[in-house]
Amino acid sequence: MINVLLAGFGGLGDQDHQTAMYLPAFTAHPAFRIAGVAATHPADEPRALAAAESAGVPYHADLATALSTVDAPVVSVAAPAQTRTDALLTAVRAGRHVLADKPFTPTRAEAEQVVAAAEGTGIVVAQHHRYHPMVTAGVAALRGGTVGLPWNVQVDFVVAGGHPCQDELLNFGGYPVDVVAALTNLPVLRVHATAAGPLTVLALGHEHGMTSTIVVGRTAPRAGVPEGRLAHHRYRVSGSHGVLVLDATKPAVTVSTASGLDRQWLPVDTLTGLLDDLHAVVTGAKPAGPTLDDALRTAAVLDAARRSLTEGVPVATDGGTA
Amino acid sequence: MERCFAELAERTSSTDAELAERTPNTDANAFGVVIVGTGMIAGLHIAALRSSTRARLVGLVDTDPARAAAASLANGGVRATTDLAEALAWPGVDGAIVCTPNGSHGAIAMAVAAAGKHLMIEKPLATSTAEATAVVDAFRERGLVLATAHTHRVYDYSMAVKAALDSGQVGEPQVIRATLLGGWIWGDWNAWVLDPARSGGHQLHNGVHLLDLVTWWMGATPDSVYARGRRQTATELPIYDYLEMVLRFPGDRVAVCEMSRAHRPSTTGHRDVLVIGTEGTVALPWDAEPSLVFGEQGVTALPPVSGSAFTRQLDAWLDGTPVAGGAEGLAAVAMAEAAEQSMASGQPVELTS
């Protein structure tokens, strides 16, 4: 069993992925054990205390103290936006492996700073949608040449209802960008972004001339879609020899009763897949490189998208002229 | 030619339920139509004419005498010629349906206007905004009815989207995705569609379908177009066989249009519409097929029986209230022209009113 320290209980707006996602996922995973809880900001404290009580582990009011006290090689960082980068830096400088909530950092520059400080430790960014069984199957199919050379990807990543966040592009944009990266492994060279109310349309130009277009954001609630869940989550990869269509909203199993629907995806949910990957990194079974490289690239795409929205023209991800 | 469209409209109903009872019209007083250009699409217009009780096929024009003769034979020996002026002067001709290669549309439309005939012209209305504007002006000045055959407006799927939006249930559309993907259908290197001078490129040939649809659904014209094209089937293609056009509308609204003849397998037929509104969503997903056939050719959809879009389009023209008129045809040409400029420059292109 690998001990985990939960650090930070915030995010963008009123998000708390630590409590909602990582705490239950670590609790359920057979390879990890929650060993301590730390606040990174006064706003964290009530949730951190509740989590410590729930998990039956010690609470620490600051991360540095927790790191020197708790014997945990892994830190799960889901700190509020204002302390996120500092918390990541503190954890990696202490030589700990990190599970980093998304968005990794607010900007690409901060992401690079954290990665530079993380020499010798593993960072897994919690872009958990890349672990969706549909995506992992899609990656294998694409690498095997099932549809030949991909030349276009179309994506809809649209959440219905839930708590709106001030920056839905930063909040959600990384997910589909990361899945496209997982599917194709083709870095983005240029970005043209167009605002559509709470949604954004990202037109991306990749290496080898591939293009992708992503509709991402949050709409008002929709009947039949649980609050804050994905109403649309699909990918269409057009290749030289065929088309791969993935729709993550289609469950493998649906149990329907008078009181509702229970939908299941096989073989594992995305968070279990994420923690399996974290375990492989921590135990040295695989390098953390791919997801970390993609995290940096994703941060660059979101930076470029923000510039494109402001300037109204395509923007290069290397900061140059598109 | 004093026959009034409204008068013709009152003669008979054109509901789908009655189509089965229609018989070819031999009434000499029916609205007389000459078909100009006898390629594939002309067959669909002729089929609509055959089923109409209000209009009749007077004759055919094709610059290729062999094609003109063959089309005549296929249509009961109806008169045929290679000379447009001659055909427009035939007795009983009230209007023309033009199905020629796109690059000829402007000149033919002007000839039809000069002859005082009503016109339904295949899309695009013309291959430049200047030409399209001249055509619109010519028909307006003469009080003639000009219809642009943006037939997709009268397919069941597009009307269902429009009805859902008009009902107000989904609020204001914020993002519209309109996708039509197909495989190669254009023959070999000799196909006129591949010649930009004759077709205007894919954005004018097929792209205008989607540009027109999303404009109609949005109820507005876009501010700008950002387009990307791809020569997927062959790098030597002189036109783009895959188009993606991102249109920005006033009020932070966006449409993403994909039009393809580049997809593999060549049997691909993928239509997908998604409208995300402020209050709701309209989805016509590609796999919303109630009937599937598992046959020797693989799995194919069995489309439900539907009314004929070409008949609806013809009836609207005869009513004097075309499905898409000159203004709509012109707008589509302007958007396609902007898309072409955007693909050339790699930058979004602003549209002026």
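Letters A, B, ... are given to chains in the order of the sequence lines, protein chains preceding strands, and every chain is numbered from 1. Side chains are part of it too, since the values below use all heavy atoms of this structure and drop only hydrogens, waters and symmetry mates.
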*For residues A:R222 and B:T281, is any side-chain donor paired with an opposing acceptor at under 3.5 Å?*
yes
*Donor + acceptor pair across side chains of A:T211, B:E244 (<3.5 Å)*: no
*Name the member of B:T278, B:D287, B:D272 that forms the most heavy-atom pairs with chain A at distances under 4.5 Å.*
B:D272
*Rounded to the nearest 0.5 Å, what separation is found between the OG1 atom of A:T213 and the CD atom of B:E258?*
7.0 Å
*In terms of heavy-atom proximity below 4.5 Å to chain A, should B:Y242 be classed as side chain, backbone, both, or neither?*
side chain
*Taking every heavy-atom pair that is under 4.5 Å apart, which of A:V158, A:V155, A:D247, A:T219 has the most such pairs with chain B?*
A:V155
*asked:* Any non-hydrogen side-chain atom of B:P265 less than 4.5 Å from a side-chain atom of A:H241?
replied: no
*Count the heavy atoms of every other residue, nucleotide or ligand shown that sit under 6.0 Å from CZ of A:R229, and state whether that count exceeds 12.*
no
*B:V254, part contacting chain A, at a heavy-atom distance under 4.5 Å*: both
*Looking at A:A220, A:A203, A:G209, which makes the most heavy-atom pairs under 4.5 Å with chain B?*
A:A203
_Part of A:V201 lying under 4.5 Å from any heavy atom of chain B_ = side chain
_Give me the atom names and distance for the closest heavy-atom approach of B:G346 to A:R190._
O-NH2, 3.3 Å
*Short side-chain to backbone donor-acceptor contact, B:R228 and A:S212, under 3.5 Å*: yes
*Which one of B:H263, B:E279, B:R248, B:R253 has the most heavy-atom pairs closer than 4.5 Å to chain A?*
B:H263
*asked:* Please tell me whether B:R264 and A:S238 have a donor and an acceptor in their side chains that are separated by less than 3.5 angstrom.
replied: no
*CG of A:D156 to CD1 of B:I276: how many Å apart, nearest 0.5 Å?*
6.0 Å
*Contact part of B:Q174 toward chain A, heavy-atom cut-off under 4.5 Å: side chain, backbone, both or neither?*
both
*Do B:R177 and A:Q154 come within less than 4.5 Å of each other through their side chains, counting heavy atoms only?*
yes
_Engaged part of B:S224 at the chain A interface, taking heavy atoms whose separation is under 4.5 Å_ = neither
*Is there a side-chain contact between A:R236 and B:T179 (heavy atoms, below 4.5 Å)?*
yes
